[in-house]
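Since the structure comes first, as structure tokens, the remarks are kept for the end.
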Amino acid sequence: MQATARFCRDNVQLQFHRLCLGTLAVSLACSAAGAGLGELKRDTEKKAAESRPQKQKVYSNDVHSAFGSGTYPSASSASGSGFMSDFWGWLIAAPFKYRSNDPNARMNAEGKEGWATEGTIYRPMHESGDVIEPYARVDLNYQYIDSANQAFDGRLELGYKALAFYARTTAYQEDDADPLDQTINQYYGALRYGFRWPNLFPGSAEIALGLGVAQQHGDLSDDHSVAVTLPIKYYPTDWLGFEFRPAWYEADYSGYVFDIGDYDISASVGYKYVHLRVGYRLLYFSNSENGHYNNGPYTGLTINY
């Protein structure tokens, strides 16, 4: 009986890993050619010209811009009933309901050191080099968009237990007959929640909620706005990981304010302090002609401490 249960569990884990890898592979393989800064400039100028008589901000109501249209979670929404209100309450309160350095904390059933028990869920003890709730992390990425467009991306994470600070800067370049440059800087204060839940899934995970500001600077836009991010990490093993880092903000391009969804999905291989990363990133502009811009695959290096 135990052998059969172990076989079923291992088979489910294998299928789950294949699903994660397959999802990332399909995202990369099925992506269309990237739309660079030149196309973004033409489309945003056209949209601005069409909307100029109205002289007002127009927000999309589609799913991509829900976070950019003023529907941010608030304290008042948390007092309601239903799944979402319960979720926001859990996400904000849960990190403060434990002591990860409690000397009386028991280790988990696998004998893994560095994880304190909290019922059937285990919390990180914050050892140096951990990918979950790291003390410090640096990402350096290069993104290929098309033959004339590229991006250089850097990200910094500093944190202690549930509290963290995120900073990210991305420099987009179009080296064409009419060269263009656009830089997007993002800064967030965040609450993060890392955990193991062996009864539900293998490995470890982390979910965070960040609130901050996004700054635009360059040939297409000079603007800033409130920004929200909801990054998710999942590491089924110590050497393999998957991450989804969405962010939502807005910016004035050519006199028209667009809601922007910044979507980044990646996989990494490595151990402890160093990981090699491959991923795909795109910017979704609400109400724009093409929709997605500066989209393309990227490769990079991640250093954790």
- Task: Could you tell me whether K272 atom NZ has more than 12 heavy atoms of other residues or ligands within 6.0 Å of it?
- Result: yes

- Query: Y160 versus E133: any side-chain heavy-atom pair under 4.5 Å?
  - Reply: no

- Give the C-alpha distance, both sets of side-chain angles, the deciding distance and a yes or no for ring-ring contact (aromatic ring centres under 6.0 Å, His included) between Y253 and F285. CA-CA 10 Å; Y253 276 68; F285 280 64; 5.2 Å; yes

- Pairing residues for N141 by the side-chain hydrogen bond (donor to acceptor under 3.5 Å, both in side chains) criterion, not counting sequence neighbours: D153

- Message: Can you confirm whether E157 sits close enough to R192 that some side-chain heavy atom of one is under 4.5 Å from a side-chain heavy atom of the other?
- Response: yes

- Are Y293 and Y284 close enough, and set up right, to give a ring-ring contact (aromatic ring centres under 6.0 Å, His included), and what steps lead you there? CA-CA 6 Å; Y293 300 90; Y284 181 90; 8.9 Å; no

- Message: Whether R123 engages the ring of Y193 as a cation-pi pair (distance to the six-membered ring centre under 6.0 angstrom, angle to the ring normal within 45°) should be assessed.
- Response: yes

- Paired with D264, the side chain to side chain donor-acceptor pair (under 3.5 Å) test is passed by just one of Q143, R168, R155, namely R168

- Do the side chain of D223 and the main chain of D252 share a donor and acceptor less than 3.5 angstrom apart? yes

- Partners of T169 by side-chain hydrogen bond (donor to acceptor under 3.5 Å, both in side chains), sequence neighbours excluded? N185

- Query: Would you say the side chain of T44 lies within less than 4.5 Å of the side chain of F258, judging by non-hydrogen atoms?
  - Reply: yes

- Query: Who are the ring pair (Phe, Tyr, Trp, His ring centres under 6.0 Å) partners of Y273, not counting sequence neighbours?
  - Reply: none

- Flag, side chain of D219 to backbone of D181, donor-acceptor distance under 3.5 Å: yes

- Item | Heavy-atom check, side chain of S254 versus side chain of R42, under 4.5 Å | no

- Query: So, do T170 and T183 sit near enough that their side-chain heavy atoms are less than 4.5 Å apart?
  - Reply: no

- Query: Do the side chain of D130 and the main chain of I132 share a donor and acceptor less than 3.5 angstrom apart?
  - Reply: no

- Task: Examine distances only and state if a side-chain atom of K233 and a backbone atom of I207 form a donor-acceptor pair shorter than 3.5 Å.
- Result: no

- Indicate yes or no for a side-chain donor-acceptor contact from Q182 to the backbone of A171 under 3.5 Å, with no hydrogens or angles considered. no

- Task: Could you tell me which non-hydrogen atom of Q216 sits nearest to which non-hydrogen atom of A251, and how far apart they are?
- Result: CG-CB, 3.5 Å

- Task: Kindly write out the residues that satisfy ring pair (Phe, Tyr, Trp, His ring centres under 6.0 Å) with F165, not counting sequence neighbours, or none if the list is empty.
- Result: none

- Query: Centroid-to-centroid, F244 to Y234, below 6.0 Å?
  - Reply: no

- Task: Can you tell me which residue pairs pass the ring-ring contact (aromatic ring centres under 6.0 Å, His included) test with a partner in residues 130-158, sequence neighbours excluded?
- Result: Y142-F152

- Donor-acceptor contact below 3.5 Å, side chain T117 vs main chain Y122: no

- Query: Hey, mind stepping through E243 and R137 against salt bridge (charged side-chain N to carboxylate O under 4.0 Å, His left out) and telling me if it holds?
  - Reply: CA-CA 14 Å; E243 298 189 10; R137 169 174 164 171; 2.9 Å; yes

- Message: If I compare all heavy atoms of G194 with all of P124, which pair ends up nearest, and what's the gap?
- Response: O-CD, 3.1 Å

- Message: Tell me every residue that passes side-chain hydrogen bond (donor to acceptor under 3.5 Å, both in side chains) with Y166, counting only those two or more places apart in sequence or in another chain.
- Response: none

- Query: Are Q186 and Y188 linked by a side-chain donor-acceptor pair shorter than 3.5 Å?
  - Reply: yes

- Item | Side-chain (S266) to main-chain (G279) donor-acceptor, under 3.5 angstrom | no

- Please check if the side chain of D146 supplies one atom and the backbone of N149 the other of a donor-acceptor pair under 3.5 Å. yes

- Taking 4.0 angstrom as the limit, do R281 and D262 come out as a salt bridge? yes

